[in-house]
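Values below: all heavy atoms of this structure, side chains included; hydrogens, waters and symmetry mates excluded. The chain is numbered in sequence order, starting from 1. Predicted model only: the values in this text are computed from it and were never measured.
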Amino acid sequence: MLQIQLNTDNHIDGTDALESRVTAMLEQALGRFSSRLSRIEVFLSDSNSTKGGPNDKRCALEARLENHDPLGVSHDDEDMEKAIRGACNKLKTMLDSRIEKQRGY
């Protein structure tokens, strides 16, 4: 079972609703890798807090592939949903590449 751990900075309210939304997005984007992953850590932050501004929301993901060093990606965007989606896409690309190398393609 894939474990997802959500971490937020002090500018983001880490509510149950946010956690379930993040979990749903991760499972949708990365579900096909779940048998190979032991854990994904999610770090959400807002660099400008109340000021706002372009690309001030960040989602950093750290995925632990079994028997490998953790893989990390991050994505900055204008809102948290886009930041999470962007980080998921980067991680999906990285996992595809890593797993293909293991298969020897």
Side-chain angles (χ1 to χ4, degrees):
M1 169 98 189
L2 178 61
Q3 180 184 354
I4 296 173
Q5 182 177 339
L6 178 64
N7 304 288
T8 59
D9 72 6
N10 57 0
H11 303 295
I12 294 172
D13 192 6
T15 61
D16 289 345
L18 176 64
E19 192 166 346
S20 48
R21 181 74 188 119
V22 169
T23 299
M25 290 173 76
L26 287 170
E27 286 172 349
Q28 180 183 0
L30 306 169
R32 65 190 168 105
F33 301 109
S34 61
S35 64
R36 296 169 180 264
L37 293 170
S38 58
R39 188 167 91 184
I40 297 177
E41 270 200 79
V42 183
F43 302 90
L44 300 179
S45 58
D46 182 343
S47 59
N48 290 343
S49 99
T50 56
K51 286 181 268 185
N55 299 341
D56 67 334
K57 308 289 188 279
R58 168 172 280 199
C59 175
L61 299 175
E62 183 181 276
R64 299 189 183 271
L65 265 174
E66 291 175 352
N67 307 319
H68 290 280
D69 291 332
L71 302 171
V73 298
S74 68
H75 186 78
D76 298 342
D77 218 311
E78 62 192 355
D79 70 49
M80 199 51 77
E81 185 126 347
K82 289 180 181 173
I84 295 165
R85 191 163 286 122
C88 283
N89 289 336
K90 288 179 181 178
L91 185 57
K92 187 169 23 174
T93 302
M94 189 181 279
L95 288 167
D96 273 333
S97 158
R98 179 69 53 101
I99 289 167
E100 281 181 21
K101 280 183 187 155
Q102 288 174 349
R103 290 191 186 126
Y105 293 139

Task: Derivation and outcome, salt bridge (Lys or Arg N to Asp or Glu O under 4.0 Å), residues Asp46 and Lys57 - done: CA-CA 5 Å; Asp46 182 343; Lys57 308 289 188 279; 3.3 Å; yes

Item to check | side-chain contact (heavy atoms from CB on, under 4.5 Å) assessment of Lys90 paired with His75 | outcome: CA-CA 8 Å; Lys90 288 179 181 178; His75 186 78; 3.4 Å; yes

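- Shown here for Cys59 and Ala87, the closest heavy-atom pair between the two residues is O-CB, 3.6 Å.
- Side-chain contact between Ile84 and Leu44: present, with at least one pair of heavy atoms (C-beta onward) separated by less than 4.5 Å.
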May I have the step-by-step check of side-chain contact (heavy atoms from CB on, under 4.5 Å) for Ile40 and Leu26, ending in yes or no? CA-CA 9 Å; Ile40 297 177; Leu26 287 170; 4.2 Å; yes

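- For Gln5, there are no side chain to side chain donor-acceptor pair (under 3.5 Å) partners two or more places apart in sequence or in a different chain.
- Looking at every heavy atom in both residues, Asp77 comes nearest to Ala83 through CB-N, 3.7 Å.
- With sequence neighbours excluded, no residue forms a side chain to side chain donor-acceptor pair (under 3.5 Å) with Asp79.
- With sequence neighbours excluded, no residue forms a salt bridge (Lys or Arg N to Asp or Glu O under 4.0 Å) with Lys92.
- Between Phe33 and Ile99, the closest side-chain pair of non-hydrogen atoms falls below 4.5 Å.
- Considering only residues two or more places apart in sequence or on other chains, Asp96 meets the salt bridge (Lys or Arg N to Asp or Glu O under 4.0 Å) condition with Arg32.
- Residues Cys88 and Met25 approach most closely at SG-O, 4.3 Å, considering heavy atoms.
- Proximity of a side-chain donor or acceptor of Ser34 to a complementary backbone N or O of Leu30 within less than 3.5 Å is not detected.
- The shortest side-chain heavy-atom distance between Glu41 and Leu61 does not fall under the 4.5 Å cut-off.
- In this structure, the side chains of Leu18 and Thr8 come closer than 4.5 Å at one or more pairs of heavy atoms.
- Among residue pairs with one or both ends in residues 10-22, those qualifying as salt bridge (charged side-chain N to carboxylate O under 4.0 Å, His left out) are Arg21-Glu81; sequence neighbours excluded.
- Using a 4.0 Å cut-off between charged nitrogen and carboxylate oxygen, Arg98 and Glu100 do not count as a salt-bridge pair.
- A distance of 9.0 Å separates NE2 of His11 from OG of Ser45, quoted to the nearest 0.5 Å.
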Just list the side-chain donor-acceptor pairs under 3.5 Å for residues 62-73, sequence neighbours left out, or say none.
residue : atom : partner : partner atom : Å
Glu62   : OE2  : Arg64   : NH2          : 2.8
His68   : NE2  : Gln102  : NE2          : 2.4

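- Residues Met94 and Ile4 fall within the same hydrophobic cluster, defined by Ile, Leu, Val, Met, Phe, Trp and Tyr side chains chained together at heavy-atom separations under 4.5 Å.
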